[in-house]
Amino acid sequence: MSSHRGNKPLGRLLALGFCVSLLGVGACGNDDGLTVTAEAQASCVGEEPTEAMKLAGAAMLPGRVCGACHRTGGQAQNSPWTVSGTVFSGKNSPCNSTEGLPGVFVEILYGQDDPMGSYRAGALQPNGRLKTNSAGNFYTAQKFVAPMRARICESTGADCSSATRVATMTLKVGSDPVTGATQRVDCNLCHYASGQALTRIYLP
Ligand code: HEC
Ligand code: HEC
């Protein structure tokens, strides 16, 4: 991962994000312009991030919608993730917990057969094997073919296909329903109790 700045304390900057609009536009400004927006917080209902979670870097803001900032034109546009999220140990783990699960493989699979016959639905995509870090976070800027499916597991093998603890998503994601164009996949966007998936991404 190219790290131009590395970890730095953003607590103050993030805290300023909550001062919002009483004093009008610009009152909460700072050099990075970093604010924990409602969009980023949507998957962590009622949980303000702790100071430790506000450190910019791989373990930041677990459970939050990474792509609210890590996208073209976003607050972290130098690291636009194509796929990102957090694996937790519990079905309904709070974002502000120690339940982020490290060492879990997150695999990005093809969602359908290649019309030209070069890959099959369900096969692992190139560079599609990610591993969760100490916070349970995973992220990548690699390009994938949409639609895609996802599978998570704990495994010592070459992929999740022979793992004993594995969970596979049936839903295909990453393509615009109308145009079919490839879209950023924010796994945390759907994975919370009142989101589309109704659960965290977790390993049963
Ligand atoms: C509120 C905005 C925001 C959210 C949400 C957010 N980040 Fe960040 N992140 C930043 C900023 C700002 C930086 C530092 C500037 C940069 O790297 O572009 C950063 C830096 C990083 C870096 C270091 C990148 C590098 O090249 O050095 C990683 C890794 C990272 N974030 C991962 C994540 C993950 C994973 C999530 C979701 C679980 C996430 N971030 C959520 C704003 C955010
Ligand atoms: C558009 C919303 C949405 C997005 C984005 C999304 N998911 Fe899901 N996910 C769901 C829904 C709905 C289900 C339950 C039905 C199913 O399995 O398809 C699910 C189920 C799962 C399951 C299986 C859970 C079980 O019951 O065993 C896993 C694992 C999973 N998702 C991982 C991921 C990962 C990893 C990502 C990001 C690459 C992701 N999801 C992105 C909506 C989403």
Side-chain angles (χ1 to χ4, degrees), residues 1-11 13-18 30-44 49 53-88 91 95 100-101 104-109 111 125 128-142 144 146-153 160 163 165-177 183-192 195-204:
M1 189 57 47
S2 68
S3 183
H4 38 285
R5 280 184 282 187
N7 276 5
K8 70 176 195 167
L10 285 169
L13 304 180
L14 287 160
L16 283 170
F18 293 108
N30 59 65
D31 288 347
D32 284 357
L34 194 144
T35 51
V36 180
T37 58
E39 186 189 4
Q41 270 293 108
S43 49
C44 299
M53 289 170 184
K54 295 172 189 170
L55 295 172
M60 74 187 299
L61 296 172
R64 276 78 184 176
V65 181
C66 315
C69 303
H70 288 273
R71 66 174 176 211
T72 308
Q75 297 170 58
Q77 61 177 338
N78 293 331
S79 41
W81 309 142
T82 52
V83 168
S84 58
T86 311
V87 177
F88 289 95
K91 200 171 179 170
C95 293
L101 209 54
V104 175
F105 290 103
V106 177
E107 295 187 340
I108 305 303
L109 315 174
Q125 298 209 22
R129 197 171 202 222
L130 317 174
K131 194 177 190 181
T132 62
N133 63 25
S134 59
N137 284 348
F138 56 90
Y139 55 91
T140 180
Q142 291 288 336
F144 298 108
M148 53 190 105
R149 287 179 61 198
R151 170 167 79 180
I152 66 171
C153 73
C160 288
R165 291 183 78 202
V166 58
T168 306
M169 179 162 73
T170 309
L171 188 73
K172 293 171 189 168
V173 294
S175 61
D176 184 290
Q183 291 179 323
R184 183 182 72 248
V185 178
D186 278 313
C187 305
N188 290 344
L189 186 65
C190 300
H191 279 275
Y192 62 104
Q196 191 180 327
L198 306 175
T199 67
R200 297 293 180 199
I201 303 170
Y202 72 106
L203 205 52

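Order of appearance sets the numbers: ligands from 1, and atoms from 1 within every ligand. Just so it is clear, the structure is predicted and the values come from calculations on it, not from any experiment. Just so you know, residue 1 is the first one in the sequence shown, and it goes up from there.
C187 and I201 get closest at one heavy-atom pair: CB-CD1, 3.4 Å. Across all non-hydrogen atoms, the minimal contact from C95 to R64 is CB-NH1, 3.4 Å. A pairwise comparison of heavy atoms in P204 and R165 identifies O-NE, 3.4 Å as the closest pair.
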Protein N/O near ligand 2 N/O, under 3.5 Å, which pairs?
from: ligand 2; atom 1: 7 (N); to: H191; atom 2: NE2; distance (Å): 2.9
from: ligand 2; atom 1: 9 (N); to: H191; atom 2: NE2; distance (Å): 2.9
from: ligand 2; atom 1: 17 (O); to: T170; atom 2: N; distance (Å): 3.2
from: ligand 2; atom 1: 18 (O); to: T170; atom 2: N; distance (Å): 3.1
from: ligand 2; atom 1: 18 (O); to: L171; atom 2: N; distance (Å): 2.7
from: ligand 2; atom 1: 31 (N); to: H191; atom 2: NE2; distance (Å): 2.9
from: ligand 2; atom 1: 40 (N); to: H191; atom 2: NE2; distance (Å): 2.9

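Contact annotation: the side chain of P62 approaches that of M53 to within less than 4.5 Å [non-hydrogen atoms, C-beta and beyond].
Here S79 fails the criterion, with no N, O or S atom under 2.8 Å of atom 8 (Fe) of ligand 1.
Near C69, meaning under 4.0 Å from any of its heavy atoms, are these atoms of ligand 1: 1 (C), 2 (C), 3 (C), 4 (C), 5 (C), 42 (C), 43 (C). Below 4.0 Å from some heavy atom of A40 lie the following atoms of ligand 1, by number and element: 5 (C). Those atoms of ligand 1 with a heavy atom of Y139 less than 4.0 angstrom away are 29 (C), 35 (C). Within ligand 1, the atoms closer than 4.0 Å to a non-hydrogen atom of Q75 are 12 (C), numbered from 1 in the order shown.
Below 30°, between 30° and 60°, or above 60°: for W81 and H70 the angle between ring planes is below 30°, a parallel geometry.
Contacts between N137 and ligand 1 below 4.0 angstrom, taking non-hydrogen atoms only, involve the side chain exclusively.
The closest approach between a heavy atom of T35 and any atom of ligand 1 is below 4.0 Å. Distances shorter than 4.0 angstrom occur between a heavy atom of G57 and an atom of ligand 1.
Considering backbone and side-chain N/O atoms, H70 comes within less than 3.5 Å of an N/O atom of ligand 1.
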Could you walk me through whether C153 and V104 pass the side chain to side chain contact (heavy atoms under 4.5 Å, CB included) check? CA-CA 6 Å; C153 73; V104 175; 6.0 Å; no
